[in-house]
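Inspection log for the structure reproduced underneath, given as structure tokens.
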Amino acid sequence: MIDLFQESAEAVGTVVKRFVSTADAVSYVKGLAGDASPSASYLPPEIAGAFAGTVFAAPAELADTRLCISFAQAGIARTGSLLLELANPEQRSATALPLIHAVFLRGSSIVSDLYALGEILTRGLTSAKTAYLSITTGPSRTADIERVLTIGVHGPKELHVLVLEGE
Amino acid sequence: MGKAIINKKINDTFLRRALKNFAAAYPVARAKAFEGIDFEALRGRISDFKQAGLKGLPELVSRFKTQAEQTGAKVYVCSSPEEANRTILEIIRSKGADFLVKSKAMTSEEIELNPYLEKNGIRCLETDLGEWIIQLAGERPSHMVMPAIHKNKEEVAELFSKETGHDCPPDIPFLVRTAREALRGGFLTGQVGLSGANVAMADSGAIGIITNEGNGRLVTTLPDTHIALIGVEKIVPSLKEALDVIEVLPKNATGQKITSYVSFIKGPTGAGRELHIVLLDNGRLKLAADPDFSEALKCVKCGACANVCPIYEIVGGHVFGHIYVGGIGLVLTPFFHGFDKAEEILKLCIGCKKCNEACASKIDIEGLIVDLRDRIRKPMGQKFLFGTMMKNRKLFHAALRTAYLAQKPFQGEGGRIRHLPLILNRETANRSLPPIAEKPFRDLVAERPATSDQRPATREKVLFYTGCLADFVYPEMCRDAKESLEKLGYEVVFPQEQTCCGIPARYSGEMDVARDMARINTDVLLAQEADYVATICPTCTMSLKHDFQKLLEGDDVYREKSLRLAAKVFNYSELAARKIGFGSAQPTARSLSGVEGNVVTYHDACHLKRGCGVYEEPRKVLRELAGVEIAEMTDCDKCCGFGGSYSIKYPEISQEVLKNKMENIKATGVSTVAVDCPGCKLQIEGGLEAAGTGITVEHSATLVARKLRQ
Ligand code: SF4
Ligand code: SF4
């Protein structure tokens with residue numbers, strides 16, 4: 001499943017890195033960030049914990065951040081897609097504005113195809129709460145001028161997926 | 001449709017190249033995207049739940065409304081464009097805003113929202129790159145998914161230079177970067193965001209938006225107020241159906257497996273935020289209840305019907321459609337924008353059915369186009385032709401005989417017509433036409449009624465229905481078909497009372513006349529016992545087998561008769577193929593492939609392949625009975641541009657479609673094209689001859705007859 005995910009994701013221009021240790025994945029992401037403050041959307045505690053000491057960008061600075069760090073609830077093998085739960089508008093802006101988007105994904109949460117995601121989506125959409133679920137596949141793209149594929153129009157130009165295999 | 005604009009598009013070399021490249025690239029990408037997916041099953045499901053939804057559309061709308069309101073969204077159902085425009089203006093004003101940022105919404109084009117808002121002092125900014133280009137140019141989209149496909153990078157650079165005040169080179173990555181930077185400010189300062197939606201779910205009140213650029217997410221996130229303008233037909237019962245729509249849309253639209261972003265939005269997310277859902281009716285609820293045309297609303301707006309259309313490929317969406325373009329654009333325009341806007345564009349369809357084959361919702365687009373012509377005003381001059389002449393076989397056939405005499409002065413060398421008088425001259429300049437024969441097939445048969453070759457009475461009996469074109473222009477083609485079917489072991493009889501199948505009348509919107517022709521022919525062909533009815537013209541086959549049933553559905557006497565007839569009707573190749581391996585029809589020892597003269601290429605007639613689902617038998621017949629090899633051409637099943645009277649009404653378009661066909665034929669290097677249709681023969685042969693290629697076109701029946709004579 002992870003192999004297929006990787007193949008499909010790379011086919012649409014996603015950078016896929018596989019890690020056995022979460023710490024290695026985190027240091028890869030820190031490398032992407034360089035000296036600038038990254039922004040972040042929701043991160044589960046064990047990943048957030050590994051970023052202790054990193055100063056994240058404030059909401060007002062989102063438009064100028066270079067990198068956003070997120071966590072995907074699930075992945076789709078067939079298309080190399082990520083499911084992000086983004087009900088919080090600030091977290092949503094954080095994932096949409098920067099040039100680079102780095103997303104952690106647990107290998108075990110990859111499902112085969114869009115339909116296999118149905119259950120999670122239904123749960124999200126039929127609960128009492130409001131919801132914003134985003135399926136992201138590759139970097140932002142356009143082919144609106146002469147049908148020439150160009151990466152990075154309004155959203156991130158780079159999408160890095162850190163697949164965590166060591167659970 | 002004005003000839004001037006058609007000619008302008010035909011001569012727009014950039015547009016032509018762009019559309020041609022896309023037409024070539026699209027099927028490849030699409031096939032790849034659908035790899036491992038059962039497209040027929042998928043679109044079957046979509047068609048089913050969409051059709052079911054339309055039956056109870058008002059109920060679906062109210063369920064969606066209730067659910068969405070429970071999530072905190074405000075929902076408005078607007079019956080007219082005016083009402084929708086006003087509602088949106090009021091929402092914007094209530095926020096004290098004067099600047100709207102937009103992501104792509106065809107519904108916004110439909111109600112002409114931007115001009116309305118601008119008039120009322122609201123600035124609108126389109127953020128989808130293609131839409132922005134169109135907005136800067138002051139035009140309308142020429143494709144539902146790729147709105148600016150008709151603009152080249154030089155034009156875009158000029159527009160961007162003017163807008164930004166900087167000199168922009170015609171370099172695509174540079175232009176995309178310019179758009180990113182120029183539009184960023186808009187996202188950050190826009191006070192209200194407006195989007196469309198690709199699907200809406202009644203059970204949760206959520207909407208689904210599919211985009212590639214990421215502007216959809218910014219428009220629905222950065223401003224605190226989000227307005228979603230959605231056609232009511234986009235509502236489906238639940239996520240299950242929504243997933244099918246999302247599965248099919250990007251693949252059928254551009255050949256992408258999935259777009260970069262698919263977002264599900266349920267309610268206003270976050271404190272102080274607002275979500276307004278404006279549901280647009282604009283004729284949809286009425287259309288959903290229409291017994292004949294409701295099917296059109298199954299459309300998921302993937303644009304595939306334009307992508308595969310041979311006419312769209314020549315003239316683009318500014319001609320082939322109004323606001324919605326492509327085949328479905330022709331169908332929706334009268335309902336959304338009025339019948340007066342539709343009359344001309346409905347004539348532009350050549351009837352090739354390519355769109356039906358690709359449609360994500362399995363809509364009979366071509367059938368709807370034909371039926372719609374019946375609903376619109378009829379042009380005067382047709383009255384005599386269809387009202388009086390066609391219904392009277394003797395009168396009609398007498399007119400064709402007179403035409404034989406009238407054409408004589410124009411026949412050139414070899415008897416073909418190269419120069420026609422007056423206006424027809426310009427329009428036929430690129431092809432030569434065969435003359436009407438001195439003796440139609442019906443006369444030849446009458447002179448020699450019985451074949452001497454009387455075999456046992458156990459032979460299956462075939463009634464031969466030639467169709468007018470073959471009868472009066474290609475009597476030898478009829479003779480070859482009759483002779484070869486006899487040699488293959490059938491008894492073949494030509495009923496003299498047969499007459500035109502009624503297709504020309506039907507295509508011109510003269511359904512009553514078409515119905516009369518159907519009754520006359522049904523009686524003629526059921527008057528004597530026979531096992532089969534054989535045709536050599538696919539349009540006739542389709543008409544006898546499928547259209548008669550539809551036309552006579554409401555006729556208590558003829559409904560049953562038309563079904564009985566349909567069961568007997570087959571195309572020549574189907575009947576010939578049944579005899580492979582019998583008696584004299586042993587598979588021929590095949591000559592070495594590559595030997596000059598024994599290789600042909602095969603052109604699938606639209607009405608045979610898509611109208612009757614027949615494309616294997618003709619190839620078998622050619623290989624096994626005519627003893628030839630087939631070198632397949634690119635796009636073998638794409639229209640040749642004939643379309644009956646289409647080639648006379650729109651000769652400029654017809655000729656361009658033909659040019660594409662001829663290019664593909666020439667690329668195979670063969671010297672013979674096999675067809676199963678007298679119309680395709682007339683069109684392709686005329687083009688190949690006028691171009692001096694030396695390539696000939698033969699009906700399969702002729703090739704088989706020749707072989708059997710050896
Ligand atoms: S039938 Fe052919 S010409 Fe007509 S809309 Fe469909 S694809 Fe285009
Ligand atoms: S009619 Fe069919 S092919 Fe055309 S846009 Fe609608 S769904 Fe797509």
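Because the structure is a prediction, the values reported are computed rather than measured. Throughout, protein chains are lettered first and strands after them, A, B, ... in sequence-line order, and every chain is numbered starting at 1.
At a 4.5 Å heavy-atom cutoff, Ser238(B) makes no contact with chain A through either its backbone or its side chain. Neither the backbone nor the side chain of Asp224(B) comes within contact range of chain A; no heavy atoms are under 4.5 Å apart. Only the side chain of Ala206(B) comes within contact range of chain A, with at least one heavy atom under 4.5 Å from a heavy atom of that chain. With a 4.5 Å cut-off on non-hydrogen atoms, Leu275(B) does not touch chain A at all. With a 4.5 Å cut-off on non-hydrogen atoms, Lys153(B) touches chain A through its backbone and its side chain both. Interface remark: Ala128(A) contributes backbone atoms only to the contact with chain B (heavy atom separation under 4.5 Å). In this structure, chain A has no heavy atom under 4.5 Å from any part of Leu19(B). Proximity to chain A (any heavy atom under 4.5 Å) is shown, for Phe22(B), by both the backbone and the side chain.
Counting heavy-atom neighbours within 6.0 Å of Glu158(B) CD, excluding the residue itself, gives a total of 12 or less. Counting non-hydrogen atoms of neighbouring residues, nucleotides and ligands closer than 6.0 angstrom, the NZ atom of Lys74(B) reaches no more than 12 such neighbours.
Between the side chain of Arg180(B) and the main chain of Gly155(A), a donor-acceptor pair closer than 3.5 Å is present. In terms of modelled atom types and a separation under 3.5 Å, the side chain of His154(A) and the main chain of Thr127(B) share a donor-acceptor contact. In this structure a side-chain-to-backbone donor-acceptor pair under 3.5 Å is present from Ser260(B) to Pro139(A). Of the possible polar contacts, one joining the Arg184(B) side chain to the Leu97(A) backbone as a donor-acceptor pair under 3.5 Å is found. At least one donor-acceptor pair closer than 3.5 Å links the side chain of Lys266(B) to the backbone N or O of Ser127(A). At distances below 3.5 Å, at least one donor-acceptor pair connects side-chain atoms of Ser140(A) with backbone N or O atoms of Glu213(B).
For chain A, the option among Arg273(B), Lys240(B), Lys257(B), Arg17(B) with the highest count of heavy-atom pairs below 4.5 Å is Arg273(B). Ranked by heavy-atom pairs under 4.5 Å with chain A, the list Leu243(B), Thr71(B), Thr254(B) is led by Leu243(B). Highest contact tally toward chain A, considering only Ala18(B), Pro173(B), Ala242(B), Ser204(B), is held by Ser204(B) [criterion: heavy-atom pairs under 4.5 Å]. For the set Asp128(B), Asn152(B), Ile246(B), Leu175(B), the count of heavy-atom pairs under 4.5 angstrom toward chain A peaks at Asn152(B). The residue among Ile145(A), Ile151(A), Leu84(A) with the most heavy atom pairs within less than 4.5 Å of chain B is Ile145(A). Of the listed residues Ser263(B), Pro268(B), Gly214(B), Gly267(B), the one with more heavy-atom pairs under 4.5 angstrom with chain A than any other is Ser263(B). Contact count versus chain B (heavy atoms, under 4.5 Å) is highest, among Leu82(A), Leu114(A), Thr95(A), Thr79(A), for Leu114(A). Top candidate by heavy-atom pairs under 4.5 Å with chain A, chosen from Ile209(B), Leu222(B), Leu218(B), is Leu218(B).
Taken to the nearest 0.5 Å, the OG atom of Ser93(A) stands 9.5 Å off from the CZ atom of Arg217(B). Taking OG1 from Thr221(B) and CD from Glu90(A), the interatomic distance works out to 11.5 Å, rounded to the nearest 0.5 Å. From Phe264(B), atom CZ reaches atom CG of Leu121(A) across 5.0 Å, with rounding to the nearest 0.5 Å. We find the CG-CZ distance between Leu129(B) and Arg141(A) to be 14.5 Å, quoted to the nearest 0.5 Å. Atom CG of Asn212(B) is separated from atom OG1 of Thr150(A) by 11.5 Å, given to the nearest 0.5 angstrom. Distance OG1/Thr122(A) to CE/Met201(B): 9.5 Å, rounded to 0.5 Å.
Looking at heavy atoms from C-beta onward, Thr137(A) lies out of side-chain contact with Tyr261(B) at the 4.5 angstrom threshold. Thr269(B) is not listed as a side-chain neighbour of Asn88(A), based on a closest heavy-atom distance of 4.5 Å or more. Side-chain contact between Lys157(A) and Arg177(B) is present, with heavy atoms from C-beta onward closer than 4.5 Å. Proximity of Leu125(A) to Leu239(B): side-chain heavy atoms (C-beta onward) are separated by under 4.5 Å at one or more points. Between Leu133(A) and Ile265(B), every side-chain heavy-atom pair lies at or beyond the 4.5 Å cut-off.
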